[in-house]
Amino acid sequence: MARTTTIELHKEDMKFAAGHFTIFSATHRENMHGHNFAVFVSLTGEVLDNGMLADYDIFKRMALEQCRAWNETFMLPAHSRHLQVERDARGDVIARFNGEELRFLARDVTILPVENVSLEELARLFGENLVGDGSLMRDSRISRVVVKCSSEPGQNCSWEWNSHG
Ligand SMILES: Nc1nc2c(c(=O)[nH]1)N=C([C@H](O)[C@H](O)COP(=O)(O)OP(=O)(O)OP(=O)(O)O)CN2
């Protein structure tokens, strides 16, 4: 009977400071604001005869790289039904919401393939970017991945992947 274990990664530097606003309807959104988001990743899998799950260092580095990519930026959703996002000739971004026009310099904004910049969607996108097609996880005998994203201590959302789909 294979022995399983769960490794939990939530190092101090698994975080990113980012701006956003949550959109609640075609006419209601938050004002722009930011958070120091924190990320928690757990990996569940088979303990091998060397007493280890796979070397978690690769996954820690991937998570830290994703945090760095999302650090110090303003996040906009590419797939919101209520927000139109386009780039001008210089690559700067114009976002339109309920008659408002919001402008961002290209250097300050990250457009994410999400419906809303919510904890749910950030946890999902972070997890999907980490797991990819699942081949590295399966090769590492990792059967379950959980990613939690928090906007502040005590407020988070989680996403889960299982190797059996
Ligand atoms: N299902 C979701 N609901 C809400 C989300 C979300 O991501 N998913 N996000 C928000 C706000 O963006 C978020 O709550 C703002 O955080 P904060 O500045 O902490 O504002 P709060 O009012 O939540 O802070 P308190 O200090 O707890 O008053 C809203 N809903």
Side-chain angles (χ1 to χ4, degrees), residues 6-44 56 59-88 91-134 136-137 142-165:
T6 295
I7 288 171
E8 296 184 343
L9 301 170
H10 43 106
K11 306 259 306 181
E12 169 61 31
D13 45 357
M14 283 174 63
K15 61 186 178 185
F16 57 94
H20 82 120
F21 50 85
T22 302
I23 298 172
F24 299 102
S25 74
T27 56
H28 176 208
R29 71 171 174 86
E30 293 177 305
N31 291 335
M32 296 184 196
H33 63 279
H35 299 282
N36 290 316
F37 292 95
V39 177
F40 162 103
V41 175
S42 73
L43 308 162
T44 299
Y56 58 66
F59 305 108
K60 183 169 67 174
R61 282 189 281 112
M62 288 164 68
L64 289 170
E65 183 51 41
Q66 179 66 84
C67 288
R68 272 191 286 274
W70 285 359
N71 191 41
E72 295 187 359
T73 191
F74 193 89
M75 299 175 149
L76 288 173
H79 304 322
S80 167
R81 285 168 293 163
H82 306 308
L83 184 82
Q84 289 71 47
V85 179
E86 63 185 61
R87 288 192 185 272
D88 66 16
D92 294 338
V93 173
I94 305 100
R96 294 184 174 85
F97 174 83
N98 189 30
E100 299 172 325
E101 187 172 279
L102 302 89
R103 290 182 170 271
F104 303 86
L105 292 177
R107 61 173 287 185
D108 289 330
V109 74
T110 299
I111 302 173
L112 298 177
V114 298
E115 306 275 347
N116 214 336
V117 182
S118 61
L119 288 181
E120 292 92 327
E121 286 283 80
L122 290 175
R124 173 186 66 79
L125 186 58
F126 196 105
E128 289 179 354
N129 289 348
L130 184 69
V131 170
D133 64 5
L136 177 59
M137 298 297 173
I142 292 170
S143 56
R144 181 174 181 260
V145 175
V146 174
V147 171
K148 295 183 182 179
C149 185
S150 72
S151 55
E152 59 188 89
Q155 188 165 282
N156 63 39
C157 188
S158 64
W159 171 89
E160 182 171 337
W161 172 84
N162 286 288
S163 59
H164 51 268

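First listed ligand is number 1; within each ligand, the first listed atom is number 1. Quick note: residue numbers are just sequence positions, from 1. The figures that follow rest on heavy atoms only: side chains count, while hydrogens, waters and symmetry mates do not.
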* Quick check: does any side chain N or O of Ser25 sit under 3.5 Å from a backbone N or O of Thr27, one acting as donor and the other as acceptor? -> yes

Min over Arg29, His33, His35 of heavy-atom distance to atom 17 (P) of ligand 1 lands on His35

Would you say Ser151 and ligand 1 have an N/O pair spaced under 3.5 Å apart?
-> no

Practice task
Report the relative orientation of the aromatic rings in His20 and His33; use parallel for angles under 30°, tilted for 30 to 60°, perpendicular for over 60°.
Solution key: perpendicular

of all protein heavy atoms, closest to atom 7 (O) of ligand 1 is Leu119 N, 2.8 Å

Is any heavy atom of the protein nearer than 4.0 Å to atom 1 (N) of ligand 1? yes

Exercise for review: May I ask you to check if ligand 1 and Thr22 share an N or O to N or O distance below 3.5 Å?
Suggested key: yes

Parallel, tilted or perpendicular: which one describes the rings of Phe37 and Phe16, with boundaries at 30° and 60°? parallel

Is atom 28 (O) of ligand 1 less than 4.0 angstrom from at least one protein heavy atom?
no

Closest to atom 20 (O) of ligand 1 among protein heavy atoms sits Glu152 OE1, 4.8 Å

Does atom 23 (O) of ligand 1 have any protein heavy atom closer than 4.0 Å? yes

inquiry  = Any protein heavy atom at under 4.0 Å, with atom 4 (C) of ligand 1 as the reference point?
reply    = no

among protein heavy atoms, the one nearest atom 13 (C) of ligand 1 is Glu30 OE2, 3.8 Å

